[in-house]
Amino acid sequence: MTPLFLPLPGNEAMTAGLAAACGGAVAALELRRFPDGETYVRVDTPVAGRHAAIVATLDRPDPKIAPLLLLAATLRDLGASSVGLVAPYLAYMRQDARFRPGEGITSEYFARLVSNTFDWLVTVDPHLHRHESLDAVYSVPARAVQAAPLMARWISGNIAQPLLVGPDAESAQWAGAVAAEADAPFEVLSKVRRGDREVEVSLPSADRWRGRTPVLVDDIVSTARTMIAATRHFVAAGMAKPVCIAVHGIFAGDAYDALAAAGPARIVTCNTIIHPSNAIDVTDLVAGALRGLVPRS
Ligand code: R5P
């Protein structure tokens with residue numbers, strides 16, 4: 001039987017694309033809130049004996065977690081052979097250590113919750129910093145696909161003479177991979193974060209790179225303070241307006257408007273989180289990882 005794909009609300013387009021690419025079907029699903037705020041789940045497609053994949057990008061995760069767990073439990077109860085999770089953006093990867101006494105290492109607890117619920121996980125560019133790989137925290141098969149080749153293709157097709165810039169040391173792995181794919185020079189700035197919304201970055205050698213378009217590459221834009229600080233530096237140094245590219249555009253609160261006001265030439269993201277800045281489609285990339293994970297019968 002063909003695999004069954006089920007979207008959490010907001011994930012319908014990616015779900016349809018994945019089902020088409022994998023020869024699967026999209027299940028009829030009713031997922032809504034009761035008046036008291038609890039979740040109602042009904043799967044109106046036969047599930048017994050079928051492999052199921054829930055598609056749920058996990059930005060702003062907390063309100064999504066209860067529906068996700070309850071839908072997975074429903075699928076198992078209805079007899080699904082396996083239940084996997086496609087989370088184009090994987091939440092709770094950034095608190096990967098106890099920085100202050102008493103803090104929870106929530107990346108580990110969240111990984112435990114997901115591993116206890118699902119048979120496998122596919123995601124795009126998880127924020128791996130202190131955890132070396134998903135396998136270090138997830139105990140089920142977990143595949144991470146990289147958007148770097150797609151980002152590099154977008155840059156090569158849209159920007160002449162790019163200078164790729166990682167705005168901080170953590171972004172170097174993404175910016176470096178994109179630079180290598182795009183065959184472009186690459187610099188990493190150093191960043192000091194003084195608080196959730198207070199960030200300072202160093203400036204690279206502006207004279208050396210005059211004539212090039214800075215392309216700021218990061219995995220996540222959340223408050224956008226990192227991208228804003230870097231963008232302002234390039235604008236102040238009189239270099240070409242930078243292009244800001246990220247895999248995951250979370251854009252918390254007013255982040256998108258604040259970044260746009262800092263003066264970049266363009267802001268571009270992958271469609272791991274639906275946003276008007278989406279210009280790079282990762283559906284086929286994710287489908288490639290799924291084909292190896294989801295059995296067809
Ligand atoms: C750093 O840990 C990440 O690679 C990003 O630089 C960071 O998540 C961006 O956060 P914000 O948009 O809040 O500055």
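Order of appearance sets the numbers: ligands from 1, and atoms from 1 within every ligand. Source: prediction; values computed, not measured.
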Polar contacts were defined as any N/O atom of the residue lying under 3.5 Å from an N/O atom of the ligand; does this apply to Glu170 and ligand 1?
yes
Taking atom types as modelled, is there a side-chain donor on Asp168 or Ser171 under 3.5 Å from an acceptor on the other?
yes
Taking 4.0 angstrom as the limit and counting only heavy atoms of Ala224, give me the atoms of ligand 1 inside it, by number and element.
11 (P), 12 (O), 13 (O)
Is any side-chain heavy atom of Ile245 closer than 4.5 Å to a side-chain heavy atom of Val243?
yes
Show which side-chain atoms of residues 61-72 pair as donor or acceptor with protein atoms under 3.5 Å away, not counting sequence neighbours.
residue	atom	partner	partner atom	Å
Asp62	OD1	Tyr92	OH	2.6
Asp62	OD2	Tyr92	OH	3.3
Lys64	NZ	Thr57	O	3.0
Lys64	NZ	Asp59	O	2.9
Lys64	NZ	Asp59	OD1	3.0

Non-hydrogen atom of His129 closer than 4.0 Å to ligand 1
no
Closer than 4.0 Å to some heavy atom of Ser222 - which atoms of ligand 1 meet that?
11 (P), 12 (O), 13 (O)
Within 45° cone and under 6.0 Å: Arg232 NZ/CZ vs Phe234 ring
no
Are the side chains of Val124 and Cys270 in touch, meaning some heavy atoms are under 4.5 Å apart?
no
Would you mind listing which atoms of ligand 1 come within a distance below 4.0 Å of any non-hydrogen atom of His127?
1 (C), 2 (O), 3 (C), 4 (O)
Heavy-atom contact check, 4.0 Å cutoff: does Met227 meet ligand 1?
no
Out of Thr226, Asp219, Val221, who gets a non-hydrogen atom closest to atom 3 (C) of ligand 1?
Asp219
Kindly give the cluster partners of Tyr89, where membership spreads through any ILVMFWY side chain lying under 4.5 Å from a current member.
Ile220, Ile250, Ile273
Suppose I only count heavy atoms of Arg94 and a 4.0 Å limit; which atoms of ligand 1 are within that range?
7 (C), 8 (O), 10 (O)
Proximity to ligand 1 by part of Asp168, non-hydrogen separation under 4.0 Å
side chain
Check Asp119 with Arg76, please: is the shortest side-chain N to carboxylate O separation under 4.0 Å?
yes
Which ligand 1 atoms, with their elements, are less than 4.0 angstrom from a heavy-atom of Asp218?
3 (C), 4 (O), 5 (C), 6 (O)
